[in-house]
Every structure is written in structure tokens, then in C-alpha cells.
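Heads up, the thing below is written out as C-alpha cells.
Being a predicted model, the structure only gives us computed values, none of them experimental. Naming convention: chains lettered A, B, ... in sequence-line order (proteins, then strands); numbering from 1 in each chain.
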Protein chains: 2
Amino acid sequence: MEIRLLIADDHPIFLKGLKEVIEMDADLKVIVSAKNGQEALLSFQSHSVDVVVLDIDMPRMTGLEAAEKMLHIQPDLPIIILTMHKEKAPFLKALEIGVLGYVLKENAVSDIVHAIYKAKDGELYLSPEISAYLLKKTSALQRQSKNDLKALLTPSETHIMKMISEYKSSKEIADELFISEKTVSNHRMNIAKKLNLTGKNSLLRFALEQRWG
Amino acid sequence: MEIRLLIADDHPIFLKGLKEVIEMDADLKVIVSAKNGQEALLSFQSHSVDVVVLDIDMPRMTGLEAAEKMLHIQPDLPIIILTMHKEKAPFLKALEIGVLGYVLKENAVSDIVHAIYKAKDGELYLSPEISAYLLKKTSALQRQSKNDLKALLTPSETHIMKMISEYKSSKEIADELFISEKTVSNHRMNIAKKLNLTGKNSLLRFALEQRWG
DNA sequence: TGAAATATGAGCACTACTACCTATGGAAAT
DNA sequence: ATTTCCATAGGTAGTAGTGCTCATATTTCA
């Protein structure tokens, strides 16, 4: 049975190579090749395909954005994300969107066909070495940088930072710790200075982005 | 070669069953059994183990909290999470923490040993049916609930909500959309009313928690 | 012991978001 | 054609966080 594919990548040579690798499997047929997310989304709406393969880094619209929009239109669409980077954020984002495959480009030749068949059956596929490496590595790195930050702040400041990340107001923090709001305010200011943060909600923002909780 | 395990679950019968299932494999040896996360963490600090298996729902300290603390002490520790629930949040949280295995209890008998060997080698293992099912299902559900919210809000309100989730201030939003700050303020108030939100930063908080961006 | 870091507290000006009100013009619905 | 919804905008008040300065007690450490 033939599987019809839409593929997208902004590098023409890679795109051509990808098409050839995929079509070495007799049952896989690349119906559309797009060179950015926007084009992929438009093509998707005018062609009937079984599986979509998207690069993340593309001009006009990233693969993740395109994936999100496609799944909005057709929630059970099997989508596979290709990427060069071993970063954690796009990986988690991809899972969150509801993508069925996440494959690193360096391993793509062997993994991509496997991922396509898995995705076609509604199963999840992540290139194993890659995802494991990525998860362990980056969570360790993240812990490291969090430790660095905690070393920069005093114990009280760290404590208050944690409470900020729990959406507590200065008044609530002051009441819980039996100290004056003024003291909390001073701590906030000292933290902001140490971390070079300015502007409204900058502390809350930082606390949330660094997953302080 | 023998693999030494720490396992934790708050149901004694399940804990006993789990130990027996694991030890049917001659190379796997359960060194410690704990009945909650706190006990698991303490035991972990006083015993040398190769792989840790934790239930999520436990009194005193959840499996995820215990996992986070253990990985803080030993970042390369292979940890497998067991759970009954097919919810998405704890799954993503587990990946974020840096756990190597995520296994549903209903499939545990066959999957758990597989997961242990994978984790021991530093590889990721997710029970396939489960994770695929969970990802597709819940991301579709989440899209649904997001659509419900978007249906509740007018286009302008949705747009402003998105900009709020990008940490933009009312002034910035007003400038970008060429409207008055007052208008933005009114939209914010209307959104807050529709969503029953009150208090400082409630809109930002909601936008971030619902992953509006 | 003396200096530096930390935790505590206050005053004051400024800005931003919340919360409530009114009002007008246009678009959609009945 | 009239009502209802929406986007627009102004007024006024309150509350909370920021940005700054100053002061004092305690702790730490060199």
C-alpha cells in the first residue's frame, strides 16, 4: 500500500536528498516538496497526504508552527519533525503539539523511513540515541545553570524567588515569612540587580522561564 | 552482570508484585523497596543502586519530586516512572526532569524489564502504545479546550491574549496595534470577566498556564 | 577585631494592571 | 429596523511592583 508524503525543508539539496532516501522504499511516495512552513501548509490544504515530514528551521513559518496549524485542521495527521539541533525546548514543544516523530538530521537516513511507518500507524517514534542523550544532557545542564544562579543569590533571595515563581505577591511573601513588605521589596530589587533584570514583572518572568519552581 | 534496583510504590501488594516481576529476571536485584517518595530518597542516599523505579502517586513526596531530587544529587541516574494515569502534564514533567523511562502500570509486567535495561544503558524508553495514545489523544483534547476558550473570546481579545502571553505590556500592545491603551485595558477587563479571573497578573498567569503562545 | 555581606526596615516617586463607569460608531443578527 | 455585540476610547480610583536612597542589627570571615 502506498504512503503519500509531504516533505518540507529550506535547503534544496537536503530536500532532494531526503526525497531520494524516502523513495528508495517502494511504498513511499513524496507527493509534495515545500521549501518553508507556509508553503507546506498551503500544499497540505490542497493535496491529500498520509504523512508529513517537516524541518524545524525554515523561513516564513517554522516546522513547529506549520505542524500546529495542520493538526488544528486534521488532529490525527501523522507528522514527523526533523531537526539539526539537540535542544530540549523544541523537542518538548513538538511533543506538546502532538507530533508523532522527532528525528535528528544526522541520523535521518536510517531513522526517517522507520519513523514514517510508525507514524502512519499512529505510533510515536523518537530517534533513540538522540532523545536519550538530549534529555539527560540538557536536564543536567539546566540543573547546573540553576545551581549557578542559586550560588549568586543569598538564601533569603533564593527563597523569595521560589515564592515569586509560585505567583505569590510581595504581601503574601511578607506575611508567610513574618517580615515587612519593605524587606521583600528590597530583596526583589537586589535580586533584579544581580540578574540584570528590569521592568514590570521581570522577576516573575525570569522565575517562570528558568523554571524556578 | 547484576543490576541493583530501588523501587517505590505506596501500595504494598503492588510493590511486592513489582519486586517479583522484576526478579524473575536473574540479573535484576531489588535492593530497596520504599513506600513513598521521601523514604525512597533517603534510601537512595544510603544505598548504591543502578536504576530507580518510582510510582508517581505517593504520599509525603511524589515520584516526580523524588526523581528530581535524586537527579540533583546524581544527574546520570537512570530513573523509570510508573503511573496509572494517562495524563499529559506529568508525562511532560517527567521528560523535563530528565527521567529515562515512563511506563503505564497496566502494561508494566512486560514493559518494565525492558525499560530497566534500556535505562541502565542510558537510553529512553516509553511504553509505545501508551505514549502514542496519550500524545495524540491529549493534544487533541487540549486543542479542543483551547478552541473552546478562543470561541469564548472575540478575535481582538484572542489577539491581545496572545500578546500578553508574550509578556507584552498594555502599552506595547497598544502601540503595536495602533489603538489606545484604554482600549487594551478594556479588552483585558472583558477577558478577565469572561474567564472569571481576578487579581494582579491574573491574565498573564492564565495565558502562561494555558500555554496560549 | 574590623570590614564585608546579609537581613531587616522605611520613604518617595513612578509605572502598570485591575476594576468600575460611561459613550460612540459600525457590524451582525433577528 | 432595532437590538445586540464588538471595537474603540475616556475618566477615576486603587493596588502592586520597580527604582532609588538611607539606616541598623547580625553574621561571617579574613
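The phosphate of D:dA16 (OP1 or OP2) has no side-chain N or O of A:S170 nearer than 4.0 angstrom. Phosphate contact (OP1/OP2 of C:dA7, side-chain N/O of A:S156, threshold under 4.0 Å): present.
The CG atom of B:N201 sits 21 Å away from the P atom of D:dG14 (whole-angstrom rounding). Between B:L153 atom CG and D:dA7 atom C1' there is a gap of 14 Å when expressed in whole angstrom units. Remark: C1' of C:dC17 and NZ of B:K193 are 15 Å apart, rounded to the nearest angstrom. Rounded to an integer number of Å, the gap from B:E157 CD to D:dC6 P is 7 Å. At whole-Å resolution of the value, CD in B:E181 and P in D:dT8 are 14 Å apart. The distance from atom CG of A:L177 to atom P of C:dA7 is 12 Å, rounded to the nearest whole Å. The interatomic distance linking B:Y167 (OH) with C:dA16 (P) rounds to 18 Å, in whole Å.
Here the side chain of B:K194 is nearest to one of D:dC6, C:dA19, D:dG17, namely D:dC6. Closest contact between the side chain of B:N186 and the listed nucleotides D:dA9, C:dA7, D:dG19 involves D:dA9.
Contact check on A:K162 versus A:E166 returns a salt bridge, with a Lys/Arg side-chain nitrogen under 4.0 Å from an Asp/Glu carboxylate oxygen.
Enclosure of atom NZ in B:K171 is not indicated, since only 12 or fewer non-hydrogen atoms of other residues, nucleotides or ligands lie within 6.0 angstrom. Under a cut-off of 6.0 angstrom, the local environment of NZ in A:K168 is crowded, with over 12 non-hydrogen atoms contributed by other residues, nucleotides or ligands.
At the heavy-atom level, B:L204 lies nowhere under 4.0 Å from the strands shown.
Between B:I179 and B:K200, the residue anchored closer to the 5' end of DNA chain D is B:I179, taking for each the nucleotide with the nearest heavy atom.
Formation of a donor-acceptor pair under 3.5 Å by the B:T62 side chain with backbone atoms of B:M58 is not found in this model.
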